Amino acid sequence: MKKNLGILGILLAVCVVASIFGDNFLTGYNLQNLTQRSALFGILALGASVVIVTGGIDLSIGSVVCLAGISVPWLLVEHEWSPWAVVPAVLAGSALIGLFHGLLITRLRLQPFLVTLCGLLLYRGIARWMTGDQSQGFQGEFDSVRALALARFPVGLEAYSVPATVIPLVLLAAALAVFLRRTVWGRWLLATGRNESAARYSGIPTDRLVTGAYVACSLFAGLGGMLFIFDIGSAQPSDFGNFYELYAIAAAVLGGCSLRGGEASVVGVLLGAATLQVLRTAIILLGLSSQLEFAVIGAVLLVGVSADELVRRLRERRAERAAAP
Amino acid sequence: MKKNLGILGILLAVCVVASIFGDNFLTGYNLQNLTQRSALFGILALGASVVIVTGGIDLSIGSVVCLAGISVPWLLVEHEWSPWAVVPAVLAGSALIGLFHGLLITRLRLQPFLVTLCGLLLYRGIARWMTGDQSQGFQGEFDSVRALALARFPVGLEAYSVPATVIPLVLLAAALAVFLRRTVWGRWLLATGRNESAARYSGIPTDRLVTGAYVACSLFAGLGGMLFIFDIGSAQPSDFGNFYELYAIAAAVLGGCSLRGGEASVVGVLLGAATLQVLRTAIILLGLSSQLEFAVIGAVLLVGVSADELVRRLRERRAERAAAP
Amino acid sequence: MSVDRPVLLSARGLGRRYAGVSALRGVDLDIRGGEVLAIVGENGAGKSTLLRLLSGVVAPSEGSLQVADASAGIALVHQELNLAENLDVAGNIFLGREPRTAGFLNLRAMHGDARRWLATVGLYIDPATPCGALPIAHRQLVEIAKALSANARILILDEPTSSLTAPEVERLLAIMADLRARGTAVVFVSHHLDEVLRIADRVVVLRDGAVTGTLARGDFDRSTLERLMVGRDLAPAARRAASASADPARARNSTADAPAADSARHPTIRLRADAVVTRHHRRRAVSLQVRAGEVVGLAGLVGSGRTELLESIAGIVPHGGRVCLDGGAVAAGAVARTRAGIALVPEDRARNGILADEPVSTNVSLAWIDRHSHRGRIDAPGERTLVRSVVDRVLLRPADPARTVRTLSGGNQQKTVLGRWIAVQPAVLLLDEPTRGVDVGARAEIHAEVRRLADAGAAVLFASSELEEVLMLADRVLVMHDGGIAGELALHEATEEAIMHLATGGAA
Amino acid sequence: DLVEAQKARIAAMKSAPKAKPHVAFVSNGVADFWTIAKAGAIAAGRELGCQVTVEFPGGGLGDQKRMLEDLVARGIDGISVSPIDPVNQSDVLSLVAEKSLLITNDSDAPKAPRLCYIGMDNYEAGLMCGKLAREGCAGGEVAIFIGRLEQDNAKRRRQGFIDGLLGRTPDAARYDEPGKPITEAGYTIVGTWTDSFDRAKAKANIEDVLIKHPKLALMTGLFEYNSSLAVEVLKQTGMQGKVMLAGFDEGADVIQGIKDGFVLGTVVQDPYGYGFESVRLLNAFCKGDMSMVPASGILSIPARVIRKDNAEGFWKELKARIKAGKEAPAK
Ligand SMILES: Nc1ncnc2c1ncn2[C@@H]1O[C@H](COP(=O)(O)OP(=O)(O)OP(=O)(O)O)[C@@H](O)[C@H]1O
Ligand SMILES: Nc1ncnc2c1ncn2[C@@H]1O[C@H](COP(=O)(O)OP(=O)(O)OP(=O)(O)O)[C@@H](O)[C@H]1O
Ligand SMILES: [Mg+2]
Ligand SMILES: [Mg+2]
């Protein structure tokens with residue numbers, strides 16, 4: 001919990017600045033938007049964190065978002081599949097992608113970075129080729145399916161209703177938290193991430209766990225991709241999801257995951273994802289030039305994590321001094 | 001050396017396919033283009049490999065390429081600096097960026113991924129803001145400075161002359177190879193990557209070495225950025241250098257660097273960089289749709305490294321069996 | 001008598017090759033319930049390989065293994081520690097066998113059980129402590145508790161006592177005896193023959209990957225075992241080492257009897273620690289001095305702060321107070337300290353010592369390669385010569401500088417780390433458990449090397465959990481307790497009883 | 001110079017016309033706009049019996065340069081390119097002119113040795129869009145959304161829109177800094193937001209601007225997806241009709257929005273024509289025929305304004321063309 005204080009601090013600081021100096025930050029509509037976007041990126045970040053726990057990395061998240069997302073309108077509109085077939089098919093395809101990564105990594109012992117980098121190229125290439133670089137959209141139809149992302153549930157507040165994407169996010173986050181902290185498999189995953197040989201010597205099926213982690217990550221990315229395109233309505237295969245893996249991994253790392261594996265905090269990851277989205281919106285509501293967006297995000301994160309680290313040290317030193325004679 | 005056989009095999013296979021089925025692959029002009037591009041990306045990949053040797057990663061390479069590259073015409077054309085001031089200033093700036101990364105990583109013990117991801121955002125943001133998102137170019141002037149990348153040195157062949165960028169590449173590669181294999185600091189850098197704690201217990205100044213690695217990486221990226229813009233003539237701050245870090249890291253990993261640190265092969269890195277460029281060109285000369293570019297690169301790399309791994313295993317198994325009575 | 005005990009595991013013609021080299025061959029062995037089987041041999045003889053084959057962690061390249069009862073269960077404690085440092089002690093003990101209720105972890109049961117198993121091995125710590133924070137001896141005990149908790153019929157321990165101090169060793173031997181009484185088969189490896197002599201029912205002696213003798217209780221004594229291990233009678237130095245515990249002071253041929261004479265013999269104070277306060281023992285300040293040519297031993301119980309003190313002096317960890325070399329204070333930090341000539345051989349060789357994937361030569365030359373270079377360029381022939389001489393001096397087996405350290409046996413990895421500093425003449429040599437896992441013969445040789453370095457003017461300060469070794473090697477003994485120095489014993493005062501008295505908090 | 005040299009080569013080809021010329025069409029990025037152009041190019045290739053290669057550089061200037069170099073290496077007879085940065089790309093454009101035949105489309109490079117430019121004036125198209133907005137909205141706050149501003153056509157289009165909206169006398173050389181709000185003639189242009197082609201970001205931009213400026217009266221999306229996403233956001237927030245939209249390009253939902261009445265209209269270019277004419281011209285060059293090039297060197301294919309009255313017909317025609325282009329074999 002203490003580890004999450006840092007990222008919580010950054011998030012709150014950004015919120016405070018945005019609500020004091022920005023226009024209409026604390027309106028229901030804005031908060032609703034922020035919830036939606038944080039939920040979408042949060043799902044990707046949760047997936048990324050599962051892989052990061054194993055000490056691996058998944059660079060293909062953005063491309064899986066693209067391929068899975070693009071496939072939905074492509075199948076629905078161009079190929080006139082039924083929505084009842086499309087959603088499971090896309091999710092199954094995403095899981096297969098993860099399985100493919102997992103097997104290459106555990107069986108052939110290829111480096112995760114390399115495998116998923118090839119994935120990054122491959123799936124985007126497939127998406128572009130499949131659609132002929134034509135953007136895919138719902139053309140104003142399929143609102144009932146898109147409700148999976150677009151529905152809003154009133155909670156008694158006037159301007160704020162809960163976006164539907166919060167449901168999968170909360171379910172996944174809760175499941176992941178319980179999995180990591182309360183189940184044997186989760187514990188084994190943590191052990192595998194930190195010291196694979198210790199886990200193997202303890203009779204843990206490390207290969208299967210690692211493969212499972214990649215499956216989960218791609219599955220989350222596929223689900224995210226679907227929800228993204230439900231939300232946006234259409235997408236261009238050449239740029240949909242570009243860099244999303246970096247946002248997802250950044251959220252996970254901000255939330256306290258170590259890229260060396262074995263550490264994760266579900267709450268932290270969600271806070272990390274939210275921070276990135278709030279930052280982006282804050283820049284607009286503060287009236288900063290959108291050219292500055294990247295610079296501001298980079299600088300705020302850097303200052304934030306550095307400050308967090310410095311505070312941690314200071315506290316440690318003070319504790320030590322208190323214990324001294 | 002043996003480790004480089006795999007990537008050499010992939011490179012040769014691509015070349016053979018491209019020259020048999022593609023148009024004009026084996027023409028001086030095409031080879032000259034390929035040399036130029038491989039050299040440019042090779043410089044970035046060498047930088048990436050230095051950081052990878054320490055077990056770190058630098059995601060900011062592409063943004064440093066952008067900032068350094070954009071700065072050159074910006075200073076020359078918009079601010080009318082002298083070329084004699086611009087080149088050293090840009091290189092010094094790049095080195096400072098690396099120093100900044102190195103200090104955050106060694107002093108504050110922040111994760112390299114996080115620091116350089118923030119760098120990725122920050123430097124691109126600065127470049128966009130500095131130029132107001134305007135593309136920067138030489139507007140047809142400064143050909144004498146651009147000769148640093150555009151000059152061609154005849155070598156007695158009719159259609160093929162050596163591009164000027166080969167000179168810095170060869171110098172840097174040779175220096176790096178000597179550094180890693182023949183000098184105390186290189187030895188220590190490798191040791192730091194293998195086991196930082198053991199290196200520290202042996203009195204090796206690991207912090208300084210790691211910082212130095214990030215300085216070198218950013219310096220190489222800055223140099224690369226300059227040469228890139230000399231070569232292209234102009235660039236847009238919003239997309240110049242996008243994903244170059246992934247190309248650079250992929251080249252290094254293909255060339256035998258392990259992301260866990262401690263391993264590097266300069267020749268391998270150069271082969272890796274060349275492979276990626278040859279692949280891209282082969283796709284066009286083979287008349288494949290450019291939509292397929294990503295998919296083909298991803299697939300070829302994946303098949304290549306998997307085959308390499310399988311061959312390696314087969315050989316190993318055969319060696320073991322041969323040793324048996 | 002062994003006939004009525006059930007055979008739990010039997011090996012026939014067991015062997016294992018690595019890259020064409022045979023690490024073990026032709027082992028025929030029956031493991032019976034209710035006996036303690038000791039496996040002895042020199043470093044690299046193949047002991048760990050045999051244990052790994054028996055426990056099934058490694059597949060044999062020849063021969064067969066027969067398990068009598070598939071449900072018997074085999075637990076192995078590896079020579080190198082293998083804990084997931086992000087999990088707590090309880091999590092590690094039950095890793096892979098976590099108690100669950102309705103599919104979920106039962107953390108309460110786990111912590112409760114863990115506490116019980118920890119108590120069995122005499123470790124009274126909170127089971128919720130993360131393993132990363134434990135000293136190495138505690139990790140060893142956690143590993144043993146983990147193996148015990150598996151309730152296996154066959155318990156295999158690879159050098160379980162190498163990092164333990166006397167009380168824990170006693171406790172472990174008692175546990176082994178208890179398990180034997182309950183019909184468990186206990187197989188263990190140790191370089192301490194007195195432990196073997198005390199508890200083993202049967203001893204298997206290995207030499208160069210082959211069994212040179214299987215002896216039942218009554219058939220073996222120290223000299224038989226040594227002969228079988230080495231293939232000849234032990235050299236005199238090693239002989240003395242082996243019997244040192246009997247009368248250490250005399251065994252070392254010491255001439256100096258009074259403390260006064262000590263300082264006369266070693267006039268200059270090389271190393272001085274002034275009020276050094278270490279991180280985890282902030283209430284005690286340690287001051288000590290070591291003269292040139294003097295070898296000072298640090299004794300104490302597990303967790304008494306020896307490692308922290310040595311690491312502080314070497315500049316690895318931040319500390320309070322001052323460290324002076326030849327009268328002048330040395331700046332903080334490992335780089336400055338090393339450059340000034342203060343060298344440390346760390347306790348945890350896997351974590352802080354070796355570069356596992358590099359050859360022996362790189363490992364050995366790591367710290368001093370800068371002194372064998374011209375303007376940064378490595379003097380390769382010079383390096384080669386020196387590495388070769390080091391390899392000979394520490395009796396590395398195989399004596400091959402190109403060998404990747406990961407493929408060396410545990411004891412030989414230790415020798416590699418030792419060799420790193422033996423090659424140069426540091427002004428101050430700090431050794432933390434210098435001979436952990438090193439066999440008797442090589443140990444004597446290493447002691448001789450350390451003595452030689454001291455004679456050439458180095459100040460040596462070493463920590464060891466083996467009183468035997470402290471008494472053997474030290475000119476003077478400092479006993480630590482709870483982070484402070486509980487007392488100092490001159491050579492003639494130093495006995496096991498005196499040291500244990502101080503180490504357990506008794507008044508000086 | 002290079003233009004004359006190209007002309008001389010074309011003249012020489014009159015006596016030895018290429019049987020099956022191989023020509024290339026290179027876009028400035030990846031977008032639906034270009035897939036329509038591709039359909040046109042391929043349709044022309046099929047009609048005229050020449051081989052057509054279409055390349056979409058996805059990675060900006062460097063990528064476009066690489067593709068042009070590779071096409072030259074491949075020995076292509078003629079290339080029609082949409083230069084991303086015409087002022088600074090003179091070397092690579094010269095290279096194409098030297099080794100092949102060069103025409104430009106969509107954005108012109110008047111200083112480059114191009115034989116012809118096919119397209120329209122983005123400033124003019126922007127003006128059309130601005131006027132459309134001016135007609136539909138008498139005043140108030142206006143927001144501009146555009147993919148990115150660094151390409152020349154984007155800048156000109158935006159400037160045209162501003163000048164048209166504010167009713168200024170047209171002057172293509174004018175440039176209003178994007179950072180500052182402009183208050184003039186009863187309108188306040190509150191800002192210009194870019195997204196570097198990230199649609200999630202583009203959508204977020206629109207949502208956030210609606211929050212920041214609750215009194216917004218009108219917005220425009222100057223790239224195809226900007227308009228489409230604006231329609232999307234308006235529908236999702238139920239603000240159809242409260243905030244007016246002046247569209248650009250032919251997104252499906254934009255056309256639908258026009259039919260539904262809450263989009264004022266949209267300015268469409270004719271990418272199909274760019275592709276078709278590019279191939280037709282290059283093919284003629286390879287037969288030694290330069291007669292199709294107007295004296296000005298500019299083959300103008302003007303933009304059109306689509307309103308409620310002509311939306312339906314336009315949409316049907318477009319669909320049919322894309323379908324035809326897709327069914328065409330790739331080569
Ligand atoms: N993975 C490996 N690859 C190659 N050789 C190996 C490997 N593992 C062990 N060996 C070799 O096998 C031999 C036996 O090693 P083993 O670890 O069994 O020795 P040991 O008796 O346990 O020694 P120690 O007392 O030092 O622990 C050694 O020569 C060692 O170098
Ligand atoms: N309270 C503590 N919290 C975290 N780490 C500790 C603590 N106490 C000691 N350590 C670490 O454990 C290691 C060994 O500790 P210490 O110096 O107390 O042991 P020691 O006397 O050498 O005993 P041992 O025989 O177990 O090595 C050191 O690296 C030290 O930093
Ligand atoms: Mg061993
Ligand atoms: Mg210790």
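Just so we're clear, the structure is a prediction, and the values are computed from it rather than from any experiment. Just so it is clear: chains get the letters A, B, ... in the order the sequence lines come, proteins before strands, and each one is counted from 1.
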Visitor: What part of A:L190 gets within 4.5 angstrom of chain C, counting heavy atoms only: side chain, backbone, both, or neither?
Guide: both
Visitor: Relative to each other, are the rings of A:H101 and A:Y214 parallel, tilted or perpendicular (30° and 60° limits)?
Guide: perpendicular
Visitor: Would you mind telling me which of C:L107, C:L83, C:N106, C:N92 has the largest number of heavy-atom pairs within less than 4.5 Å of chain A?
Guide: C:L83
Visitor: For A:R109, does the CZ atom sit with more than 12 other heavy atoms under 6.0 Å from it, leaving out its own atoms?
Guide: yes
Visitor: Is it the backbone or the side chain of C:L87 that comes under 4.5 Å from a heavy atom of chain A, or both, or neither?
Guide: side chain
Visitor: Between C:E80 and C:R351, does any side-chain N to carboxylate O distance fall below 4.0 Å?
Guide: no
Visitor: Determine the interplanar angle of the A:Y244 and A:Y247 rings, folded into 0 to 90°, and report it as parallel if under 30°, tilted if 30 to 60°, perpendicular if over 60°.
Guide: perpendicular
Visitor: Taking 4.0 angstrom as the limit, do C:E311 and C:R279 come out as a salt bridge?
Guide: no
Visitor: Decide yes or no for A:R187 and C:M110: does some side-chain heavy atom of the first lie under 4.5 Å from some side-chain heavy atom of the second?
Guide: yes
Visitor: Taking the basic N atoms (NZ, or NE/NH1/NH2) and the acidic carboxylate oxygens, is any pair closer than 4.0 Å for A:E316 and A:R313?
Guide: no
Visitor: Are more than 12 heavy atoms from other residues, nucleotides or ligands located less than 6.0 Å from atom CZ of A:F243?
Guide: yes
Visitor: Flag the one option from C:R100, C:K146, C:H78 with the top tally of heavy-atom pairs under 4.5 Å to chain A.
Guide: C:H78
Visitor: Mind checking which of residues 176-184 of chain A sit less than 4.5 Å from chain C, heavy atom to heavy atom?
Guide: A:V178, A:R181, A:R182, A:T183, A:V184
Visitor: Measure distances from C:L76 to the heavy atoms of chain A and classify the residue's part below 4.5 Å as side chain, backbone, both or neither.
Guide: neither
